[in-house]
Engineer: 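Dropping the structure in here first, questions after.
Throughout, protein chains are lettered first and strands after them, A, B, ... in sequence-line order, and every chain is numbered starting at 1. Please read all numbers here as calculations on a predicted model, not as lab measurements.
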Amino acid sequence: MPELPEVETIRFYLTETVLGQRVNTVKHLDQRMVKTGSASAEEITRRLPGRMVKSIKRRGKFLFLEWDTQDHLLVHLGMSGRLIWIPESAPWVTHTHMVLGFRDFDLRLSDPRRFGRIGWLPAGEEPGAQLGVEPLGRRLTRQFLAQKLKGRSAPIKALLLDQRIIAGLGNIYVDESLFQARIRPDRPGSSLTPAEITRMIRAIRAVLKQAIMHRGTTFSDYVDALGHPGENQAYLWVYGRSGQECRRCGHLLAQQVIAGRTSHFCGHCQS
DNA sequence: AAAACGACCTGGCCGC
DNA sequence: TGCGGCCAGGTCGTTT
């Protein structure tokens with residue numbers, strides 16, 4: 001579900017709410033969701049009470065709650081995860097896998113498909129060390145991307161989805177970025193010209209910034225940390241619109257499985 | 001090393 | 001109404 005703009009929106013709301021608060025109790029933590037790091041659910045449950053949230057960071061699609069002890073709690077929402085700041089009196093939804101109790105509110109993670117993950121990073125371990133560059137950061141340059149695409153025969157779509165190259169893009173925003181850059185998703189990575197790579201980077205940044213401005217895209221599951229849906233679905237050019245007319249040229253939008261993912265593009269605008 | 005593919009899960013929707 | 005089949009915003013491990 002959530003890609004960078006959705007996770008960034010959640011991060012923003014958590015900064016307004018949970019930042020500076022202290023954990024009273026860990027009311028629930030499902031071991032099956034603890035898939036990263038060496039600490040078990042039991043250990044995390046033991047360590048958290050009394051800790052204060054010092055900062056909330058995002059790397060790619062990962063969130064990290066930094067505690068006053070410099071350890072981090074990693075949270076990834078997978079496809080169907082929701083991280084909600086909610087009064088403690090509110091009933092738990094089904095598939096609630098983590099509940100951190102603060103003064104009057106809970107921070108709750110629910111995730112029906114359980115593709116999400118939780119993990120513990122001891123102080124000194126850099127959050128998101130294995131991830132690629134931030135698409136909205138300075139390190140995403142034409143030179144960087146050209147070097148990563150060099151010699152790669154995989155479709156550009158697969159390479160943009162690879163979190164070890166650029167961290168944060170998923171199926172929606174890759175399709176939207178490729179449309180805006182006017183590049184077909186099935187083009188081999190190495191076939192992109194320097195001008196196309198520059199266009200690609202500009203498109204990625206514009207698409208993500210617009211989505212953050214609209215507080216993310218809600219198709220079915222996504223809601224922000226206060227439970228509100230996003231609004232960016234009204235501004236999509238191709239994702240979820242195959243068979244409909246291209247908003248730019250009027251041709252019918254195509255749908256094709258590329259890199260194992262349903263892909264949406266305009267066969268007329270993109271080449 | 002890189003590419004392709006199945007696995008992991010549940011729920012919603014569609015057609016019969 | 002019920003059931004099977006198919007699809008879903010992501011990642012990871014295995015195979016080729």
Engineer: Hey, is A:Phe115 doing a stacking thing with B:dC8, by the 5.5 Å centroid and 30° angle criteria?
Structural biologist: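 A:Phe115 ring centre within cut-off of B:dC8 base, planes near parallel; stacks.
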Engineer: With a 4.0 Å limit, can you tell me whether A:Arg113 has a side-chain N or O closer than that to the phosphate oxygens OP1/OP2 of B:dG11?
Structural biologist: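 Checking A:Arg113 against B:dG11: no side-chain N or O falls below 4.0 Å of OP1 or OP2.
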Engineer: Between A:Tyr239 and A:Tyr173 (judged by ring centroids, cut-off 6.0 Å), do the two rings come close enough to count as a pair?
Structural biologist: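 Centroid separation for A:Tyr239 and A:Tyr173: 6.0 Å or greater.
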Engineer: Which dot-bracket string describes DNA chain B (Watson-Crick N1-N3 plus N6-O4 or O6-N4, or G-U N1-O2 and O6-N3, all under 3.5 Å; [ ] crossing; | other strand)?
Structural biologist: .|||||||.|||||||
Engineer: Looking at C:dC7, I'd like to know if its phosphate oxygens (OP1 or OP2) sit under 4.0 Å from a side-chain N or O belonging to A:Thr262.
Structural biologist: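 For A:Thr262, the contact criterion (side-chain N or O under 4.0 Å from OP1 or OP2 of C:dC7) is not met.
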Engineer: Could you tell me whether the phosphate oxygens of B:dC9, OP1 or OP2, come under 4.0 Å of any side-chain nitrogen or oxygen in A:His95?
Structural biologist: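 For B:dC9, OP1/OP2 do not have a side-chain N/O of A:His95 under 4.0 Å.
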Engineer: Does A:Arg51 come within less than 4.0 Å of A:Asp68, counting only side-chain N to carboxylate O?
Structural biologist: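 Answer for the salt bridge query: no.
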Engineer: Are a donor atom and an acceptor atom from the side chains of A:His264 and A:Asp175 found within less than 3.5 Å of each other?
Structural biologist: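 Looking only at side-chain atoms, A:Asp175 and A:His264 do form a donor-acceptor pair, the distance falling under 3.5 Å.
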Engineer: Within the 3.5 Å criterion, strictly below it, is a donor on A:Thr9 or A:Glu6 matched to an acceptor on the partner's side chain?
Structural biologist: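 No - no donor-acceptor pair under 3.5 Å links their side chains.
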Engineer: Determine whether the side chains of A:Lys35 and A:His76 contain a donor N or O and an acceptor N or O closer than 3.5 Å.
Structural biologist: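 No, no side-chain donor-acceptor contact under 3.5 Å.
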Engineer: Is it the case that more than 12 heavy atoms not belonging to A:Glu42 sit under 6.0 Å from its CD atom?
Structural biologist: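 At most 12 heavy atoms, drawn from other residues, nucleotides or ligands, come within 6.0 Å of this atom.
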Engineer: Given the P atoms of B:dC5 and C:dC7, what is the spacing between them in whole Å?
Structural biologist: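 Pairwise P distance, B:dC5 against C:dC7, rounds to 16 Å.
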